[in-house]
Amino acid sequence: MAPKLSDSVEELRAAGNQSFRNGQYAEASALYERALRLLQARGSADPEEESVLYSNRAACYLKDGNCTDCIKDCTSALALVPFSIKPLLRRASAYEALEKYALAYVDYKTVLQIDNSVASALEGINRITRALMDSLGPEWRLKLPPIPVVPVSAQKRWNSLPSENHKETAKTKSKEATATKSRVPSAGDVERAKALKEEGNDLVKKGNHKKAIEKYSESLLCSSLESATYSNRALCHLVLKQYKEAVKDCTEALKLDGKNVKAFYRRAQAYKALKDYKSSLADISSLLQIEPRNGPAQKLRQEVNQNMN
């Protein structure tokens, strides 16, 4: 006989989490329901905890295919703590399952304002864009509901959360990136990738590097075979002082094209910013072997040498 749970919201939530991990979604939902009733009966406001319980119960509904109740619970969670990533993603999935593509698009886009590296949102945007183009035609963007502007405070709150809150995102990102690289893109995928890359290029010209990263990331989900898309995204990371991400993108670019001068130069810049001067000089040397008279590279070499002295 299972031990009796005490009247503790924390224990009920933990038990619900365990049932969810075991695939017992109805049982998990009932436990979250008990925790919610107990929390609300206390009369003391704890919006964070209440929001998490609604979001967790929404996950149970989503697993059981009950999209309508999933949407209701996600909306309740977001009313308590606006711009929370998990309820936004779960509501987007439910909208998508119900073929409410415009609403799903808004939620996925909102997530990407908070964290533009969430792979499930990038993948969702890619799917939804195709569905909206098919159903609404080339003017589909004009027929979307307004996308809320995420305040900086919400972005900072997400970035300041403990690392365990980012594990699920990182795991999903890694899995989907591997799947994308192993998949041979169709001709349609390649065309969509090119169009998205051009949108990214236009955003760079306008100085909107954060949005440009989103476009380049969407492009790479369609086809990860173009070196320039990685080196272009690396430029955006450099501008935003995301130096480690810039190094990663340049490395991917050079795997695809070992003579990508921009990738060598941008990785050298990123290494310089990270104070890894030896790696920076190695990249500059590789670049100058390809283009011996490259002025910016020669200037960067002087700067790196000065920093080393």
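Throughout, residue positions are numbered sequentially from 1 according to the sequence presented.
- Of all heavy-atom pairs between K143 and L136, the closest is NZ-O, 3.1 Å.
- One hydrophobic cluster holds both L132 and L112 under the rule that ILVMFWY side chains link at heavy-atom gaps under 4.5 Å.
- Side-chain contact between K100 and V106: absent, with no pair of heavy atoms (C-beta onward) separated by less than 4.5 Å.
- Side-chain contact check for L220 versus L196: every heavy-atom pair is 4.5 Å or farther apart.
- Formation of a donor-acceptor pair under 3.5 Å by the S76 side chain with backbone atoms of K72 is found in this model.
- Residues Y105 and R141 have side chains that bring a donor and an acceptor to within less than 3.5 angstrom of each other.
- Looking at Y32, its side chain does come within 3.5 Å of a backbone N or O of N17 through a donor-acceptor pair.
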Inset, instruction - Would you please test S285 and Q289 for side chain to side chain contact (heavy atoms under 4.5 Å, CB included) and show each step? - result: CA-CA 6 Å; S285 176; Q289 285 177 19; 3.9 Å; yes

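- T68 places a side-chain heavy atom less than 4.5 Å from the side chain of N66.
- A heavy-atom distance below 4.5 Å is found between the side chains of S120 and L89.
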Inset, instruction - For K205 and E199, run salt bridge (Lys or Arg N to Asp or Glu O under 4.0 Å): C-alpha distance rounded to whole Å, both residues' side-chain angles, the deciding distance at 0.1 Å, then the answer. - result: CA-CA 10 Å; K205 290 171 187 172; E199 287 185 45; over 6 Å; no

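- Looking at heavy atoms from C-beta onward, L38 lies in side-chain contact with L12 at the 4.5 angstrom threshold.
- Test N260, D257, N232 against S227 for side-chain hydrogen bond (donor to acceptor under 3.5 Å, both in side chains) and you get one pass: N260.
- Applying the salt bridge (charged side-chain N to carboxylate O under 4.0 Å, His left out) test to E226 and every residue at least two apart in sequence or in another chain returns K197.
- Side-chain N/O atoms of E245 and H237 include no donor and acceptor closer than 3.5 Å.
- A donor-acceptor contact shorter than 3.5 Å links the side chain of K210 to the backbone of Q113.
- Looking at residues two or more places apart in sequence or on another chain, you find no salt bridge (charged side-chain N to carboxylate O under 4.0 Å, His left out) involving R266.
- No side-chain heavy atom of F83 sits under 4.5 Å from any side-chain heavy atom of L78.
- When hydrophobic clusters are built by joining Ile, Leu, Val, Met, Phe, Trp and Tyr residues whose side-chain heavy atoms come closer than 4.5 Å, directly or via intermediates, I128 is not grouped with L103.
- Under 3.5 Å, the side chains of Y108 and E96 contain a donor-acceptor pair of N or O atoms.
- Although no hydrogens or angles enter the test, the distance criterion places a donor-acceptor pair under 3.5 Å between the side chain of S219 and the main chain of A193.
- Among K194, R127, K109, the one residue that satisfies the salt bridge (charged side-chain N to carboxylate O under 4.0 Å, His left out) test with E218 is K109.
- Under the 4.5 Å side-chain criterion, counting only non-hydrogen atoms from C-beta, K211 is not in contact with K215.
- Remark: side-chain polar atoms of S29 are not paired, donor with acceptor, to backbone N or O of Y25 under 3.5 angstrom.
- Applying the 6.0 Å contact sphere to CZ of R21 captures more than 12 heavy atoms from other residues, nucleotides or ligands.
- Both V111 and L221 are members of a single hydrophobic cluster when ILVMFWY side chains are connected at heavy-atom separations under 4.5 Å.
- The hydrophobic cluster around V52 extends to none of the other residues, as no ILVMFWY side-chain heavy atom falls under 4.5 Å of it.
- Linking Ile, Leu, Val, Met, Phe, Trp and Tyr whenever their side-chain heavy atoms come within less than 4.5 Å leaves I85 and Y61 in two separate clusters.
- Checking side-chain atoms of S84 against main-chain N and O of V81 turns up a donor-acceptor pair under 3.5 Å.
- Using modelled atom types, one side-chain atom of S231 and one backbone atom of A228 make a donor-acceptor pair closer than 3.5 Å.
- Checked against salt bridge (charged side-chain N to carboxylate O under 4.0 Å, His left out), E50 has no partners two or more places apart in sequence or in another chain.
- For S55 (side chain) and S51 (main-chain N/O), no donor-acceptor pair under 3.5 Å exists by modelled atom type.
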Inset, instruction - Using the salt bridge (Lys or Arg N to Asp or Glu O under 4.0 Å) rule, take E33 and R37 through it: C-alpha gap first, then chi angles, then the decisive distance, then the call. - result: CA-CA 6 Å; E33 167 68 23; R37 284 204 306 267; 3.1 Å; yes

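- Pairs of residues two or more places apart, or lying in two chains, that qualify as side-chain hydrogen bond (donor to acceptor under 3.5 Å, both in side chains) and include a residue from residues 294-303 are E291-N294.
- Clustering of Ile, Leu, Val, Met, Phe, Trp and Tyr side chains at separations under 4.5 Å places I290 together with L254, V261, F264, Y265, Y277, L281, I284, L287, L288, L300, V304, M308.
- The heavy-atom pair separating A104 from A92 by the smallest distance is CB-O, 3.5 Å.
- Put simply, the side chain of Y54 reaches to within 4.5 Å of the side chain of L36, judged on heavy atoms.
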